[in-house]
2 protein chains.
Amino acid sequence: MDRVALKERTREHAPAMAARPPLPLGQILDGDCIEAMRALPSASVDMVFADPPYNLQLGGDLARPDGSHVDAVTQDWDKFDSFAAYDAFTRAWLAEARRVLKPDGSLWVIGSYHNIFRVGAILQDMGFWILNDIVWRKANPMPNFKGTRFTNAHETLIWASMGEKARYTFNYRAMKTLNDELQMRSDWVLPICGGQERIRKGGAKAHPTQKPEALLYRVMLATTNKGDVVLDPFFGTGTTGAVARRLGREWIGCEREPVYRDVARERIEMALPLDESSLKTMQSARTAPKVAFGLLVETGWIAAGTQVFDRKGRHRATVRADGSLVSGDADGSIHGLGAKLQGAPSCNGWTFWHIEHQGEVKPVDAIRQLYLLATEP
Amino acid sequence: MDRVALKERTREHAPAMAARPPLPLGQILDGDCIEAMRALPSASVDMVFADPPYNLQLGGDLARPDGSHVDAVTQDWDKFDSFAAYDAFTRAWLAEARRVLKPDGSLWVIGSYHNIFRVGAILQDMGFWILNDIVWRKANPMPNFKGTRFTNAHETLIWASMGEKARYTFNYRAMKTLNDELQMRSDWVLPICGGQERIRKGGAKAHPTQKPEALLYRVMLATTNKGDVVLDPFFGTGTTGAVARRLGREWIGCEREPVYRDVARERIEMALPLDESSLKTMQSARTAPKVAFGLLVETGWIAAGTQVFDRKGRHRATVRADGSLVSGDADGSIHGLGAKLQGAPSCNGWTFWHIEHQGEVKPVDAIRQLYLLATEP
DNA sequence: ATTTTGCGTGAATCGTACG
DNA sequence: ACGTACGATTCACGCAAAA
């Protein structure tokens with residue numbers, strides 16, 4: 001895995017070499033996240049992923065043109081008296097996040113224009129060093145029903161290290177493989193969380209702001225390594241925990257609503273960890289084609305760990321988490337490995353590799369077509 | 001054109017009713033932008049578009065509000081001090097921008113993750129109300145050569161009104177037309193400025209951060225009207241002026257570098273204004289000529305006594321001679337009765353009620369459109 | 001069984017004029 | 001500063017019901 005930049009030496013993060021309290025791995029801590037984080041030792045986690053309240057400040061009710069009611073975020077946890085109050089809250093949880101992060105760890109925060117500018121400025125003031133801002137471009141956002149503004153079709157994530165000179169983890173090669181051999185950009189197109197993935201209780205959504213697993217998948221695959229500890233101070237229904245388990249990362253959550261904690265625990269229990277070979281991500285350079293095979297893995301159209309094979313059954317391979325394939329000692333992109341196994345100069349992996357899908361054997365290109373049909377036109 | 005929300009009345013923006021200094025339209029003001037803006041009358045411009053310096057370490061570009069120089073010589077410079085200086089500079093120019101903006105005017109700022117979070121938080125603190133954050137997704141960004149981060153493939157714009165209750169201009173219909181009859185979203189894909197458009201002096205680019213005209217075109221078309229005054233405090237090579245001229249908007253620039261001023265003047269002179277007919281944009285119903293339902297009855301397009309019904313045939317009503325509807329005991333306007341029968345708080349009668357016209361079932365809005373077509377000058 | 005149509009819904013700062 | 005009346009406004013996706 002890639003380690004970038006020099007190791008930062010700061011007194012505040014010198015690891016305590018004496019006996020340290022054990023980390024509550026795989027646990028959801030009860031109560032206020034700031035209090036909960038205080039119970040954790042300093043410099044002990046590799047990543048913090050935070051989806052704090054956005055402080056939306058919504059007005060009255062909103063109706064669609066057809067008269068139906070928009071189910072808005074009206075929860076108390078999103079209410080703050082003023083920008084100053086929100087800022088104080090933000091400083092408090094960020095300070096704890098900074099304390100528990102290892103010097104080489106990194107921070108992710110997601111937000112919208114309501115809060116993200118404040119969060120970004122505060123974390124800069126605290127010494128965090130912004131590495132990228134990432135735009136999650138929603139494939140299917142809610143429209144602006146009244147025609148008063150531009151459709152609010154994205155959210156923003158900030159990725160920051162502990163300081164300008166800090167090392168941090170960035171799995172460049174895995175990201176490039178995931179993006180079909182093009183550098184991963186700062187704008188990610190992903191659908192919002194809906195369908196089977198959206199957790200419902202009695203027909204209603206269990207949590208108003210559940211994030212898609214594909215988003216966390218990319219975040220974690222890009223900036224943590226297997227076995228790393230990921231802390232989510234605003235755990236909600238546990239998307240972070242579910243993805244961490246799938247990707248072989250350790251996790252700790254904080255969540256003060258008992259209902260969300262229950263939902264999260266049940267959900268994470270059902271998340272199946274990927275096996276060892278699927279988790280190994282590409283380490284070296286390869287060459288390959290166009291529409292990302294990795295995107296199909298990330299979005300769950302093809303699960304990591306899935307077996308693929310050629311039409312005559314002479315070659316088999318396993319899909320890894322970053323969209324690469326592994327077959328015995330050999331690995332590569334769908335195209336590279338196909339060529340290697342056949343001893344051919346090149347291979348169109350999309351038509352070479354097949355998959356069993358709904359009881360039928362289909363080329364993986366068929367899955368791509370399904371994805372394209374479902375997302376593009 | 002659309003005006004949204006109530007007119008804000010604040011003392012700070014009460015227009016001076018006495019003689020006002022004339023606006024220096026079509027001029028590039030010399031010197032520091034904060035000083036230059038001080039020469040402009042309060043509440044006099046409709047839009048401010050600002051592309052402030054991004055890089056916090058451009059010591060030469062940073063001056064404190066009192067004019068003193070920000071010392072940025074030492075390599076190990078104090079981040080907090082530099083952020084504070086940048087914030088002071090930002091507050092100073094935003095305060096002047098706020099003073100010169102009309103109560104119904106709006107502000108645009110473009111930036112990257114280096115500065116946009118600070119700018120956004122500060123403008124919120126000053127009372128500006130964020131309407132959208134817009135992501136300019138670069139079609140052709142510079143790659144990340146070292147492979148240490150995600151390719152930084154976007155910049156962020158903030159669009160803000162003078163306050164929560166302020167009116168602002170948003171040409172919804174023009175944007176929808178521009179976007180192939182779909183609502184314009186908050187993510188815009190546009191190429192960076194290059195090729196013929198990129199101004200060069202002796203082979204080298206004349207300005208390091210020249211923005212594409214397409215970006216300003218969309219900004220101005222969306223949020224100003226013909227004849228509006230647009231102020232750009234960081235004029236550079238005058239993209240704002242060139243697009244303003246093309247779109248029939250007035251402009252004022254501030255730029256302290258003589259070289260940029262010369263380039264901008266020459267460039268804007270060559271920009272050809274569009275003719276009147278090209279400038280006419282699609283109007284929303286809100287601003288299109290109003291047609292009362294009663295007028296259609298009065299003029300015989302819909303006869304009194306005609307039966308109207310909702311699309312699913314659950315409700316029927318009869319048109320009365322005064323343009324009201326009656327259904328059993330209930331009556332009212334097309335909107336009021338529609339709402340009443342559905343038990344809804346409101347209803348768009350134009351699309352709710354249908355009529356049989358030439359053997360087809362059509363919303364009554366279709367008849368209004370026919371009327372408009374037939375009576376259009 | 002397969003295709004078409006209908007309907008519900010998603011982190012939303014979502015109206016204006018005139019009494 | 002209210003209240004009240006008028007009237008303008010939606011995209012993509014998942015799933016269920018119907019054809």
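Values in this document were obtained by computation on a predicted structure and should not be read as measured data.
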Derivation of the side-chain contact (heavy atoms from CB on, under 4.5 Å) call for A/F235 and A/C254: CA-CA 6 Å; A/F235 204 60; A/C254 308; 5.7 Å; no
Rounded to whole angstroms, how far apart are CG on A/N140 and P on D/dC15? 12 Å
Step through it carefully: locate the ring centre of A/F150, locate the ring centre of B/W188, and say whether they are under 6.0 Å apart. yes
Considering only the C1' atoms, how many Å lie between D/dT10 and C/dC7, rounded to the nearest integer? 14 Å
For a quick check of understanding: with a heavy-atom distance under 4.0 Å over all strands, which category does A/P52 fall into, base, sugar-phosphate or nothing? base
Is the shortest side-chain N/O distance from B/Y168 to OP1 or OP2 of C/dG15 below 4.0 Å? no
Tell me the interatomic distance from A/W77, atom CH2, to C/dA11, atom P, rounded to whole angstroms. 10 Å
Using a cut-off of strictly less than 4.0 Å, decide whether A/N152 has a side-chain nitrogen or oxygen near OP1 or OP2 of C/dT13. yes
side-chain N/O A/Q57 vs C/dA11 OP1/OP2, d < 4.0 Å: no
In this structure, how many angstroms lie between the P atom of D/dA12 and the CZ atom of A/R64, rounded? 15 Å
For A/H114 and C/dC14, what is the distance between atoms NE2 and C1' respectively, to the nearest whole Å? 11 Å
Tell me which of A/G59 and A/Q210 sits closer to the 5' end of DNA chain C, going by the nucleotide each one is nearest to. A/Q210
Taking only the side-chain nitrogens and oxygens of B/K176, find out if one of them lies under 4.0 Å from OP1 or OP2 of D/dT10. yes
Say we look at C/dC18 and D/dA8: how far apart would their P atoms be, to the nearest angstrom? 15 Å
I want to confirm an ordering. Mapping B/S333 and A/A63 to their closest nucleotides on DNA chain D, which one lands closer to the 5' end? B/S333
B/F170 has an atom CZ; how far is it from atom P of C/dC14, in whole Å? 14 Å
Check every strand shown and say whether A/G195 touches a base, only sugar-phosphate, or nothing at a heavy-atom separation below 4.0 Å. sugar-phosphate
Determine the contact category for B/L182: base if any of its heavy atoms lies under 4.0 Å from a base atom, sugar-phosphate if only primed atoms, P, OP1 or OP2 are that close, otherwise nothing. sugar-phosphate
Please state the C1' separation for the pair D/dT4 and C/dT13 - nearest whole angstrom. 25 Å
Would you say the side chains of A/T239 and A/R267 form a donor-acceptor pair under 3.5 Å? yes
Quick one: label A/C193 by what it contacts on the DNA or RNA (base, sugar-phosphate, nothing), any heavy atom closer than 4.0 Å. nothing
With heavy atoms under 4.0 Å as the rule, sort A/D51 into base, sugar-phosphate or nothing. base
Stacked pair B/W129-C/dT13, distance under 5.5 Å, angle under 30°: yes
Which of these nucleotides, C/dC14, D/dC13, C/dA12, is closest to any side-chain atom of A/T148? C/dC14
Round to the nearest Å and state the distance from A/K146 atom NZ to D/dC11 atom P. 14 Å
A/Y113 or A/S68, whichever maps to the more 5' nucleotide of DNA chain C: A/S68
OP1 or OP2 of C/dA11 under 4.0 Å from side-chain N/O of A/R198: yes
B/Q183 has its side chain closest, among C/dT13, C/dG15, D/dT10, to D/dT10
Atom CH2 in A/W77, atom OH in A/Y260: separation rounded to 0.5 Å? 5.5 Å
Would you indicate which nucleotide in D/dC13, D/dC11, C/dA12 comes nearest to any side-chain atom of A/P143? D/dC11
I'd like to check A/V135 versus A/L157 (side-chain heavy atoms, cut-off strictly below 4.5 Å). Are they in contact? no
Is there side-chain contact between B/T90 and B/R118, with at least one heavy-atom pair below 4.5 Å? no
The answer to which of A/D66 and A/G194 contacts DNA chain D further toward the 5' end, by nearest nucleotide, is A/D66
Does C/dT5 have a Watson-Crick or wobble mate here (both distances under 3.5 Å), and if so which one? D/dA16
Looking at the base of C/dA11, is there any donor atom on it, or on the side chain of A/K211, that sits under 3.5 Å from an acceptor on the other one? yes
Quick one: classify the glycosidic conformation of C/dT13 as syn or anti, with syn meaning within 90° of 0. syn
Touch check for A/S112, heavy atoms < 4.0 angstrom, all strands: base, sugar-phosphate only, or nothing? nothing
Look through every strand shown and name the nucleotide pairing with C/dA11 as Watson-Crick or G-U wobble, where both distances are under 3.5 Å. none
Under 4.0 Å between a side-chain N/O of A/R200 and OP1 or OP2 of C/dG8, yes or no? no
On a whole-Å scale, what distance lies between the P atoms belonging to C/dA11 and D/dC15? 16 Å
Under the salt bridge (charged side-chain N to carboxylate O under 4.0 Å, His left out) rule, what do A/R137 and B/D187 come out as? Steps first, then yes or no, please. CA-CA 7 Å; A/R137 178 191 180 267; B/D187 55 320; 2.2 Å; yes
May I ask you to say what B/G332 touches in the nucleic acid, namely base, sugar-phosphate or nothing, with a heavy-atom cut-off under 4.0 Å? nothing
Looking at every strand, decide which applies to A/D71 at a 4.0 Å heavy-atom threshold: base, sugar-phosphate, or nothing. sugar-phosphate
Could you let me know what D/dG7 is paired to, Watson-Crick or G-U wobble, both distances under 3.5 Å, or none if it's on its own? none
Separation between CG of B/D46 and CG of B/D228, rounded to the nearest 0.5 Å: 3.5 Å
I want to know whether A/F49 and A/W159 have ring centres closer than 6.0 Å. no
Length of the OH-C1' vector between A/Y260 and C/dA11, whole Å: 12 Å
I'd like to know if B/R167 reaches the base of C/dG15 with its side chain, counting only an N/O donor and acceptor under 3.5 Å. no
Touch check for B/I130, heavy atoms < 4.0 angstrom, all strands: base, sugar-phosphate only, or nothing? base
Check whether any side-chain nitrogen or oxygen of A/K205 sits under 4.0 Å from OP1 or OP2 of C/dG10, and answer yes or no. yes
Roughly, in whole Å, what's the span from CD in B/E164 to P in C/dG15? 12 Å
Contact class for A/E155 vs. all strands (heavy atom < 4.0 Å): base, sugar-phosphate, or nothing? base
